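Heads up: the structure comes next, in structure tokens.
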Amino acid sequence: MPTVSVGRDRLFAALGKTYTQEEFEDLCFRFGIELDDVTTEKAIIRKEKHLEEEEADEDEEVIYKIEVPANRYDLLCLEGIAQALRVFNGKQEIPTYKVANISRESMIKMHVKPETSSIRPYVVCAVLRGITFDEGSYNSFIDLQDKLHQNICRRRTLVAIGTHDLDTLHRPFTYEALPPSNINFVPLKQVKNFRADELMEFYKSDLKLKKFLHIIENSPVYPVIYDHNRTVLSLPPIINSAHSAITLKTKNVFIECTATDLTKAKIVLNTVVTTFSEYCERKFEIEPVEVIYSDGKSYTYPELSVYNMGVSLSYITGAIGVPLEAEKVTSLLNRMQLHAEQSVSGDRSTINVSVPPTRSDVLHPCDVMEDVAIAYGYNNIKDIAVAKGYNISKGRAVSLKPLRLEEFSHLIRLEMAMCGFTEVLSFILCSLGDNFAMINHEDDGSTAVIIENPRSSENETARTNLMSGILKTVGQNKAHPKPIKIFEVGDVVLLDETKDVGATNRRQLAALYCGATAGYEIIHGLVERIMQVIGLVPPDDITTYYLKPSNEPEFLRGTQASIVYKGKQVGTSGIVHPEVLSKFDIPDPCSYFELNIQCFL
Amino acid sequence: MAEEAILGYLAKNEEIADSGEFAAKHGLDHDDVVNVIKSLHGFQYVDAQDIKRETWVLTDEGNMYAAAGSPEGQLFFAVPAEGGIPREELQKKLSPLVFKIGCAQAAKNKWVDMGKQVSRKVKHVEDRVKDLLLQIKDGQVIDQDDIKALKGRKLIAPQTWNGYSVKKGPSYAPQRKKFVADLTREMLQSGDWKNLEFKEYNFNAKGQPIEGGHLHPLNKVRHQLRMIFLQMGFEEMPTDRFVESSFWNFDALFQPQQHPARDAHDTFYLKAPSTTKELPEDYVERVKRVHESGGYGSRGYDYNWSRDEANKNLLRTHTTAVSSRMLYMLAQKPFTPKRYFSIDRVFRNEAVDRTHLAEFHQIEGLICDRGLTLGDLIGVLHDFFSRLGMAKLRFKPAYNPYTEPSMEIFSYHEGFGKWVEVGNSGMFRPEMLLPMGLPEDVRVIAWGLSLERPTMILYGINNIRDLFGHKVDLGLIKINPICGLGV
């Protein structure tokens with residue numbers, strides 16, 4: 001979930017009310033955001049620099065870190081949070097955003113060159129006219145772009161935002177894709193002119209920007225936006241030019257979003273312009289820009305039309321489980337920034353909801369239903385539900401079958417503990433070395449799955465045996481009094497062509513004895529005991545199971561046997577090979593068995 | 001011997017005034033007598049009072065002189081009665097210590113003339129030092145001045161003598177009863193147990209540690225949770241498939257393909273087997289459509305859905321991957337309501353710390369029925385969590401791509417004195433259920449939580465690596481109490 005840092009005092013000013021921290025936390029809880037942390041600017045810097053905690057100054061501005069839902073892009077800055085809470089508290093009407101009514105001729109134009117289609121095919125634009133920034137709102141404007149870049153823009157891969165001081169530029173604009181050597185400009189925060197390929201090299205040492213270079217680095221052409229005078233606006237998705245940078249004094253802001261995903265570009269543009277249109281001379285009004293592609297197709301952005309959704313009242317009340325009148329439902333929806341009104345046809349009552357451009361998260365009537373439930377209060381539903389009792393399966397008698405594998409595993413675990421062995425629980429994930437070489441096996445590539453993107457060598461594969469995990473446990477417990485008697489029941493993962501995903505789990509049982517002697521006779525007795533409780537009796541009934549001398553590399557020669565069941569090898573047993581013991585740093589002799597128990601079901 | 005003598009004597013006499021005298025009189029070793037008195041006193045057969053006396057004993061040097069005579073005596077007798085002896089010759093006859101002390105003392109006593117030639121001054125001497133030493137050894141009392149002199153020459157040293165005066169004790173008996181430590185087969189057969197007194201057991205000492213097997217605490221908690229689900233009428237889902245396709249893990253749950261959870265930063269993708277080979281094609285088509293353009297009343301996400309992305313294999317990030325398969329299978333038959341649960345391993349490609357591992361156990365419960373409401377979900381959560389000892393719950397609106405509404409579950413923790421998040425819940429989205437083919441009025445309410453967190457709180461474990469994995473101390477597994485959840 002994204003976290004947004006906002007100045008507490010600025011937030012309370014915007015809310016028109018001062019809260020105690022507890023009151024504010026309660027408001028957040030009801031609305032579905034969370035006050036994650038309370039800190040100050042200096043404390044954040046201290047933390048980043050790993051400095052000692054100092055006494056906070058009285059006058060340091062208190063910062064609230066607020067966690068917001070990942071699909072609520074409209075809440076990624078102070079303005080958005082404040083507006084949502086004002087409306088939720090009934091202190092503000094839902095704003096109506098509109099596109100300024102200007103003629104097509106006077107509209108700013110952005111011409112898109114065909115070469116962009118190979119690298120970053122879409123651009124959407126808009127203008128905020130007559131805006132007034134103060135330091136707080138200016139910082140918030142920059143922060144919002146950052147948050148959008150990190151979240152919906154997927155670190156600028158899907159969408160990148162550029163904002164410019166329109167008064168420094170000359171219309172119309174062009175969106176092009178050119179060889180890097182043909183692009184020259186002074187980038188933001190620099191004074192020197194860079195060629196685009198040199199600039200990419202330069203940014204390789206820039207901690208923040210180097211993460212974005214890969215998006216265009218290997219392309220023969222880079223996306224670039226020019227004004228009428230061939231002044232560079234930006235080299236998306238990397239950097240804007242210094243020339244058009246916005247300042248506190250900027251009055252008219254030109255916003256362009258280049259993208260590989262048009263839907264998300266529109267959402268991003270809408271989020272930026274709607275949120276900051278409250279600082280415009282004409283509040284909530286946005287000036288459109290025409291984007292013209294080389295095939296002659298033209299589009300006007302932003303698209304601020306509302307999305308109309310008819311939701312039946314009975315669906316809403318039926319899903320929440322609380323009887324509500326239509327008027328109540330519409331007023332609850334208004335508190336969630338959704339325009340709603342009732343329409344009746346016959347006995348069917350429908351709530352017509354206008355989803356504003358800021359609420360891209362509303363996809364389905366279930367999203368509307370949730371907003372009704374939130375505004376009603378989740379914790380007000382509780383009382384009703386508890387009072388009537390929940391009504392599931394409507395009194396039908398339920399007769400369930402247990403899951404055989406889980407029940408059987410449970411019974412085997414109990415038997416093992418009754419035999420005096422202690423249960424361990426090791427990891428599925430391990431390194432290939434642990435799984436194979438450490439127990440003297442070679443990986444022939446035919447058994448183990450391979451993880452593509454492990455963070456560490458500990459996560460290279462899923463185990464194909466329980467042995468490594470158990471030996472690691474013994475190696476970590478050298479000081480434990482002998483004998484050590486441990487077991488594990490768990491799944492291994494094996495490649496399996498017959499399965500849809502190409503791999504399968506198998507339930508195994510393994511046990512180890514470690515003492516002054518290897519004590520194979522104990523492991524042998526344990527195998528017999530487990531077979532006995534499963535219902536197999538050796539050696540009279542050789543048709544069911546028997547032990548057969550084997551030659552496995554993890555065991556000492558001559559002191560090992562396979563466990564054969566119905567003619568198939570289903571397990572191994574033996575004295576653990578001294579080489580294996582030494583690899584796991586185990587100084588004492590050990591005996592071990594491992595058995596596929598799934599085959600007995 | 002000593003015990004019989006003491007108990008026997010006390011049968012006829014009031015008191016043994018002095019254990020030393022008693023020992024001497026009865027020809028017993030005083031040390032033996034003391035040991036018996038201590039033991040009888042311990043069992044309250046007798047009452048013993050300490051007696052202390054200062055006595056003198058000979059030092060090693062004193063013992064030597066008591067046997068061989070004092071140095072001055074030895075020196076005197078080494079000098080011939082008539083004439084004299086050269087000093088050097090005299091010196092050879094005696095040990096250096098005896099010669100040195102002998103010279104000084106004999107001269108002081110005016111027994112001999114000490115020159116180059118040593119000769120007797122008197123005819124006879126009495127070796128009084130030797131006599132005194134013999135008297136002390138014999139236990140006789142000698143004059144204080146003599147004591148002082150001998151002490152000065154370090155020939156005697158003081159010693160404290162410990163003894164007892166003894167009277168009958170509250171449990172006095174002329175013969176001590178036998179105490180035995182344990183009942184034996186022989187005692188039962190001979191009937192001796194009737195005459196035996198059993199030694200009182202020391203209940204302050206530790207009992208003998210019990211050898212036995214032990215279950216892992218995480219699995220103990222897991223079992224109790226299985227019982228709770230079964231008691232609530234939930235059926236266990238088969239979750240023994242760690243390798244899953246992105247399709248069942250994400251796409252089937254209406255989780256868009258650009259969703260951050262699908263990032264390599266969060267999910268383990270597989271190099272081998274890299275892709276899934278088989279998916280139900282008509283269902284895949286419906287899932288693709290609902291992602292791209294919606295339907296079933298939804299706008300959809302409006303992006304190009306990629307089959308390759310859906311085919312990518314991964315280690316499941318949640319057991320909900322199994323839930324999606326189960327619900328899909330359920331939808332292929334005439335509808336029957338179901339309550340399902342599972343508790344099994346899931347995998348996240350996350351950084352590991354005190355509370356996070358790359359694998360952990362997820363607990364999941366779901367109910368699939370017609371006409372379920374948010375009220376039903378809240379009701380079942382109260383039922384479930386109150387069985388875990390969490391009676392006070394409240395719910396916070398949250399976001400989850402496949403549930404709407406979504407509720408985070410908070411429980412009031414008395415120990416921490418605050419509300420803590422204990423799980424997530426919600427109603428599965430119609431965009432997930434309807435493409436499966438479930439009837440339109442069927443809703444699914446579900447909740448999930450990790451197994452590790454409640455177990456850590458229950459057993460007071462702060463670091464997850466102390467609970468799970470090969471670094472766990474076997475000693476700790478052996479001392480964990482039973483899990484009382486649901487009991």
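This one's a predicted model, so the numbers in the text were calculated from it and none came from an experiment. In what follows, chains are A, B, ... by sequence order, proteins preceding strands, each numbered from 1. Both backbone and side-chain heavy atoms feed into the values below; hydrogens, waters and symmetry mates do not.
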Would you please say whether a donor-acceptor pair under 3.5 Å links the side chains of B/D344 and B/T239? yes

Does any heavy atom of chain B fall under 4.5 Å from the side chain of A/R506, the backbone, both, or neither of them? neither

If you count heavy-atom pairs under 4.5 Å between each of A/I451, A/T473, A/L425 and chain B, which one has the most? A/L425

For B/D302, all residues meeting salt bridge (Lys or Arg N to Asp or Glu O under 4.0 Å), sequence neighbours excluded: none

Can you tell which of A/N477, A/I484, A/I486 makes a side-chain contact (heavy atoms from CB on, under 4.5 Å) with A/C514? A/I484

Interface check, chain B: of A/G318, A/P69, A/A462, most non-hydrogen pairs under 4.5 Å belong to A/G318

So which of A/H410, A/K485, A/M418, A/R404 has the largest heavy-atom pair count under 4.5 angstrom toward chain B? A/H410

Of all the heavy-atom pairs spanning B/Y269 and B/S246, show the shortest one and how long it is. CE2-OG, 3.7 Å

Answer yes or no: are there more than 12 heavy-atom neighbours, outside B/E440 itself, under 6.0 Å from its atom CD? no

Side chain, backbone, both or neither: which part of A/F427 has an atom under 4.5 Å from a heavy atom of chain B? both

Have A/H364 and B/S298 got a donor and an acceptor in their side chains that come within less than 3.5 Å? no

Leading residue by heavy atom contact count with chain B [cutoff under 4.5 Å; candidates A/E67, A/R72, A/E407]: A/E407

Whatever's closer than 4.5 Å to a heavy atom in chain B on A/M1 counts as side chain

If we ignore angles and hydrogens, is there a donor and acceptor under 3.5 Å between the side chains of B/D376 and B/T373? yes

Select one option (side chain, backbone, both, neither) describing which atoms of A/K401 are under 4.5 Å from chain B's heavy atoms. backbone

How close do B/V322 and B/R316 get, heavy atom to heavy atom, and via which atoms? CG2-NH1, 3.8 Å

Residue part contacting chain B, namely of A/L262, when any heavy atom lies under 4.5 Å: neither

Contact check, side chains of B/P405 and B/M427, non-hydrogen atoms, under 4.5 Å: yes

So which part of A/V492 gets closer than 4.5 Å to some heavy atom of chain B, the side chain, the backbone, both or neither? neither

For A/R413, is it the side chain, the backbone, both, or neither that has a heavy atom closer than 4.5 Å to a heavy atom of chain B? both

For the candidates A/T461, A/V424, A/T157, A/V362, which exhibits the highest count of non-hydrogen atom pairs separated by less than 4.5 Å from chain B? A/V362

Taking side chain as C-beta onward, heavy atoms only, is B/E408 less than 4.5 Å from B/N424? yes

Report the option among B/E211, B/M237, B/R345 that has the most heavy-atom pairs separated by less than 4.5 Å from atoms of chain A. B/R345

Specify which of A/I470, A/I320, A/L495, A/T504 makes the most heavy-atom pairs with chain B at under 4.5 Å. A/I320

With a 4.5 angstrom heavy-atom cut-off, is it the side chain or the backbone of A/L363 that approaches chain B, or both, or neither? both

Can you tell me which portion of A/V493 sits under 4.5 Å from chain B's heavy atoms? Options are side chain, backbone, both or neither. side chain

Heavy-atom pairs under 4.5 Å with chain A are the metric here; pick the option from B/S274, B/S406, B/G294 that has the most. B/S406

Please classify the contact between A/C419 and chain B as side chain, backbone, both or neither, with a heavy-atom cut-off of under 4.5 Å. neither

For chain A, find which of B/D263, B/N304, B/L230 contributes the most heavy-atom pairs closer than 4.5 angstrom. B/D263

Is the shortest side-chain heavy-atom distance between B/Y301 and B/Q257 below 4.5 Å? no

Quick one: CD on B/E292 to OH on B/Y303, what's the gap to the nearest 0.5 Å? 7.5 Å

Report yes or no: is the cationic atom of B/R299 (NZ for Lys, CZ for Arg) under 6.0 Å from the centre of the six-membered ring of A/Y307, at an angle within 45° of the ring normal? yes

Among the options B/L474, B/N313, B/T276, pick out the one with the most heavy-atom pairs lying under 4.5 Å from chain A. B/L474

Is B/N219 close to chain A through its backbone or its side chain, or both, or neither, when contacts mean heavy atoms under 4.5 Å? both

Greatest number of non-hydrogen atom pairs under 4.5 angstrom with chain A, of B/E278, B/E244, B/R443, falls to B/R443

Report which part of A/D367 has an atom under 4.5 Å of a heavy atom belonging to chain B: side chain, backbone, both, or neither. both

